[in-house]
Peer 1: 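Would you mind keeping the following structure in view while I ask a few things?
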Amino acid sequence: MPELPEVETVRRGLAPSFEDARIVRVEQRRPDLRFPFPERFAERLTGRLVTGLGRRSKYLMADLDDGSVLVMHLGMSGSFRVEMGRVESEEPEMPGEFHIPRSKDPRHDHVVFHLEGPARPDAVRIVYNDPRRFGFMTLVERAALASHPLFEKLGIEPTGNQLDADLLARLFANRKAPLKAALLDQRLIAGLGNIYVCEALHRAGLSPKRAAGTIVTKAGRASAGAERLALAIREVIAEAIAAGGSSLRDHRQADGTLGYFQHAFLVYDREGAPCPRQGCGGTVLREVQGGRSSFFCGRCQK
DNA sequence: ATGGTACCCTGAGAGC
DNA sequence: TGCTCTCAGGGTACCA
């Protein structure tokens, strides 16, 4: 499901169950997802205390008390759900109790973490479900994280003020790849995906097909477009996180609730709709770039 | 180094 | 109903 706002939403949903809990058992139900699980995966996790749950780009990382980090990526279709108590029974939920999401398709429940922790009186299970199996999990020593192949080339987070027009200009200078491709390049900016790139480009009034280097002036300075783009990226990401991410195809968050940012999409998956920009009058188009759909207004995105 | 493509996998929805 | 086709929020390997 995940771009950065969805992964951050998952992190916040899982943190109360994961943090300060002990992993008492791990069910690893197949040898691989996108990649093989590491050797002795379940064994290395069993007995560990989870000291924190973080996020870098689209990766979730659970810090463990032995100095290792459980790194998890959701791919396209991965999701977690939290189960508490006797979820298999038909007992009605207690009033005011959490909604307990049942598995949509238990065949794709690939990993189950059994936890004991202080957050809730009941034992907790965290279940990873991933029909397409583009997600993966691995274990990395914390001291080796920065130099790990997954992380060493990752670009900056599109949150906070670090991403400004000048940095964007530096990253994109002289690049001939389209803006769409440059924004999706995780080595430049880490965490953007197809939806939020489409949305940010529309907000900034920039065409996804325009060469990335053209948002830099001849003098090597950030253009007005670069200013708008940096702002648009930070805003759309912040708004999406605040909304609990986007829930496409009924994809639920860890606590069973749905994010609602999909209702704020201005162009994504809106081919043929009138451009929502005031006074534009254009139409939202869909064109494939690099094998993925770009949604944009052909009139106001230059 | 840079940019483009094919491919990994399953499920949902459209069209016939 | 059932078939076939296309598409899907990601990333990597490999090519020119």
Side-chain angles (χ1 to χ4, degrees), chain A residues 1-11 30-36 55-60 71-80 103-110 128-138 148-155 158 171-201 208-214 236-237 240-241 243-254 258-265 267-272 286-295:
Chain A
M1 51 138 95
E3 297 183 35
L4 187 155
E6 289 72 38
V7 177
E8 177 59 23
T9 300
V10 170
R11 189 196 68 76
R30 49 175 301 128
D32 56 29
L33 294 169
R34 163 113 203 230
F35 306 117
R55 177 194 60 73
R56 169 76 169 105
S57 184
K58 303 170 190 173
Y59 297 89
L60 281 172
V71 175
M72 298 169 279
H73 195 288
L74 302 175
M76 290 280 266
S77 60
S79 64
F80 285 97
S103 180
K104 205 170 175 183
D105 192 340
R107 286 178 305 157
H108 302 307
D109 289 347
H110 304 309
Y128 180 69
N129 182 285
D130 188 354
R132 293 178 73 182
R133 304 201 302 276
F134 286 170
F136 60 91
M137 297 186 188
T138 191
H148 191 278
L150 288 174
F151 300 103
E152 66 172 343
K153 291 181 178 173
L154 272 188
L171 292 174
F172 287 5
N174 302 316
R175 289 189 181 269
K176 294 186 179 130
L179 274 174
K180 177 70 181 299
L183 290 167
L184 285 175
D185 189 337
Q186 304 295 300
R187 296 167 301 186
L188 303 177
I189 302 170
L192 299 181
N194 202 31
I195 291 177
Y196 298 110
V197 166
C198 290
E199 293 298 316
L201 284 169
K209 297 193 287 188
R210 176 170 160 168
T214 63
V236 77
I237 293 297
I241 290 172
S246 304
S247 300
L248 267 51
R249 293 168 275 281
D250 199 34
H251 218 119
R252 286 171 183 279
Q253 307 301 344
L258 295 166
Y260 52 86
F261 192 77
Q262 66 278 11
H263 303 300
F265 292 168
V267 288
Y268 182 79
D269 204 20
R270 299 185 58 106
E271 182 182 15
R286 181 176 80 89
E287 284 186 33
V288 175
Q289 286 182 284
R292 316 202 112 91
S293 291
S294 289
F295 296 91

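Chain letters run A, B, ... following the sequence lines, proteins first, then strands; residues in each count from 1. Just so it is clear, the structure is predicted and the values come from calculations on it, not from any experiment.
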Peer 1: Using nucleotides 7-9 of chain B, report all nitrogen or oxygen pairs with the protein that are shorter than 3.5 Å.
Peer 2:
residue, atom, partner, partner atom, Å
B:dC9, O3', A:Arg133, NH2, 3.2
B:dC9, O2, A:Arg132, NE, 2.7
B:dC9, N3, A:Arg132, NH2, 3.2

Peer 1: Taking the side chain as every heavy atom from C-beta outward, state whether A:Asp130 and A:Leu74 have any pair of such atoms under 4.5 Å apart.
Peer 2: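 Contact flag for A:Asp130/A:Leu74 side chains = no.
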Peer 1: Under 6.0 Å between ring centres, would you say that holds for A:Tyr59 and A:Phe151?
Peer 2: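 Yes.
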Peer 1: How far does CZ of A:Phe80 sit from CE of A:Met72, to the nearest 0.5 angstrom?
Peer 2: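 Going from the CZ atom of A:Phe80 to the CE atom of A:Met72 covers 4.5 Å.
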Peer 1: Taking C-beta and beyond as the side chain, do A:Pro158 and A:Leu4 meet within less than 4.5 Å on heavy atoms?
Peer 2: yes
Peer 1: B:dT5 C1' sits how many Å from A:Gln289 CD, rounded?
Peer 2: 14 Å
Peer 1: Considering only C:dG9, B:dG3, B:dT10, which nucleotide approaches the side chain of A:Glu3 most closely?
Peer 2: C:dG9
Peer 1: Rounded to the nearest 0.5 Å, what separates atom CZ in A:Arg30 from atom NE2 in A:His108?
Peer 2: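 Going from the CZ atom of A:Arg30 to the NE2 atom of A:His108 covers 9.5 Å.
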Peer 1: Polar atoms only, N or O, under 3.5 Å: list the protein pairs with nucleotides 2-4 of chain C and their distances.
Peer 2:
none

Peer 1: Quick one: A:Arg107 CZ to B:dT10 P, roughly how many Å, whole number?
Peer 2: 9 Å
Peer 1: Please list residues of residues 180-199 of chain A whose heavy atoms come under 4.0 Å from any atom in DNA chain C, ordered by number; otherwise none.
Peer 2: A:Gln186, A:Gly193, A:Asn194, A:Ile195
Peer 1: In whole Å, what is the span from the CG atom of A:Leu150 to the C1' atom of C:dA13?
Peer 2: 15 Å
Peer 1: Does a side-chain N or O from A:Lys58 land closer than 4.0 Å to OP1 or OP2 of C:dG11, or not?
Peer 2: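 Indeed, a polar side-chain atom of A:Lys58 lies that close.
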Peer 1: Check the phosphate of B:dG11 against A:Ser77, side-chain N and O only, distance under 4.0 Å to OP1 or OP2. Yes or no?
Peer 2: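 Checking A:Ser77 against B:dG11: no side-chain N or O falls below 4.0 Å of OP1 or OP2.
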Peer 1: With Watson-Crick and G-U wobble geometry limited to distances under 3.5 Å, how should the secondary structure of DNA chain C be encoded in dot-bracket form, using | for bases paired to another strand and [ ] for crossing pairs?
Peer 2: .|||||||.|||||||
Peer 1: A:Phe265 CZ to C:dA8 C1': how many Å, rounded?
Peer 2: 13 Å
Peer 1: Expressed as a whole number of Å, how far does the P atom of B:dC9 sit from that of C:dC3?
Peer 2: 23 Å
Peer 1: In whole angstrom, what separates A:Met76's CE from C:dC7's P?
Peer 2: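 About 13 Å, once rounded to whole Å.
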Peer 1: Could you state the CZ-P distance from A:Phe261 to C:dG9, rounded to the nearest angstrom?
Peer 2: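 The distance from CZ of A:Phe261 to P of C:dG9 comes to 15 Å, rounded to the nearest Å.
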Peer 1: Which nucleotide in the list B:dG11, C:dG11, C:dC7 gets nearest to the side chain of A:Ser293?
Peer 2: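 Nearest to the side-chain atoms of A:Ser293, counting from C-beta on, is C:dC7.
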Peer 1: Pick base, sugar-phosphate or nothing for A:Pro149, based on heavy-atom distances below 4.0 Å to the nucleic acid.
Peer 2: nothing
Peer 1: Would you find a donor on one side and an acceptor on the other, under 3.5 Å apart, between the side chain of A:Lys180 and the backbone of A:Ser293?
Peer 2: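 Yes, because the side chain of A:Lys180 sits within donor-acceptor range (under 3.5 Å) of the backbone of A:Ser293.
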Peer 1: Looking only at heavy atoms, which two atoms of A:Gln262 and A:Ser247 are closest? And how far apart?
Peer 2: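 Scanning both residues completely, I find the closest heavy atoms to be OE1-N, 2.8 Å.
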Peer 1: With side chains defined as the heavy atoms from C-beta onward, is the minimum distance between A:Ser246 and A:Phe265 less than 4.5 Å?
Peer 2: yes
Peer 1: How many Å lie between CG on A:Asn174 and C1' on B:dG3, as a whole number?
Peer 2: 15 Å
Peer 1: Find out whether A:Ile237 and A:Leu192 are in side-chain contact, i.e. whether some heavy atom of one side chain is under 4.5 Å from a heavy atom of the other.
Peer 2: yes
Peer 1: Got a sec, which residues hit side-chain contact (heavy atoms from CB on, under 4.5 Å) with A:Thr138, two or more places apart in sequence or on another chain?
Peer 2: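 By the side-chain contact (heavy atoms from CB on, under 4.5 Å) rule, A:Thr138 matches A:Pro38, A:Val71, A:Val140, A:Leu150.
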Peer 1: Measuring centre to centre across the rings, with the benzene-like ring taken for any Trp, is A:Tyr196 within less than 6.0 Å of A:Phe261?
Peer 2: yes
Peer 1: Mind checking whether A:Glu8 and A:Glu6 have side chains closer than 4.5 Å, heavy atoms only?
Peer 2: no
Peer 1: Quick one: is B:dT10 close enough that its OP1 or OP2 comes under 4.0 Å of any side-chain N or O from A:His108?
Peer 2: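 Checking B:dT10 against A:His108, no side-chain N or O comes under 4.0 Å of OP1 or OP2.
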Peer 1: What nucleotide among B:dT2, C:dA8, B:dG11 has an atom nearest to a side-chain atom of A:Phe295?
Peer 2: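 The answer is C:dA8.
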Peer 1: If you count the non-hydrogen atoms of other residues, nucleotides and ligands that lie under 6.0 Å from CZ in A:Arg270, is the total more than 12?
Peer 2: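 It does not: A:Arg270 CZ has 12 such atoms or fewer within range.
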Peer 1: Please report the interatomic distance CD(A:Glu199) to OH(A:Tyr268), rounded to the nearest 0.5 Å.
Peer 2: 10.0 Å
Peer 1: Between C:dA13 atom P and A:Lys153 atom NZ, what is the distance in whole Å?
Peer 2: 10 Å
Peer 1: With sequence neighbours excluded, what pairs up with A:Asp185 under the side-chain contact (heavy atoms from CB on, under 4.5 Å) test?
Peer 2: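 Partners of A:Asp185 under the side-chain contact (heavy atoms from CB on, under 4.5 Å) test: A:Arg187, A:Leu188.
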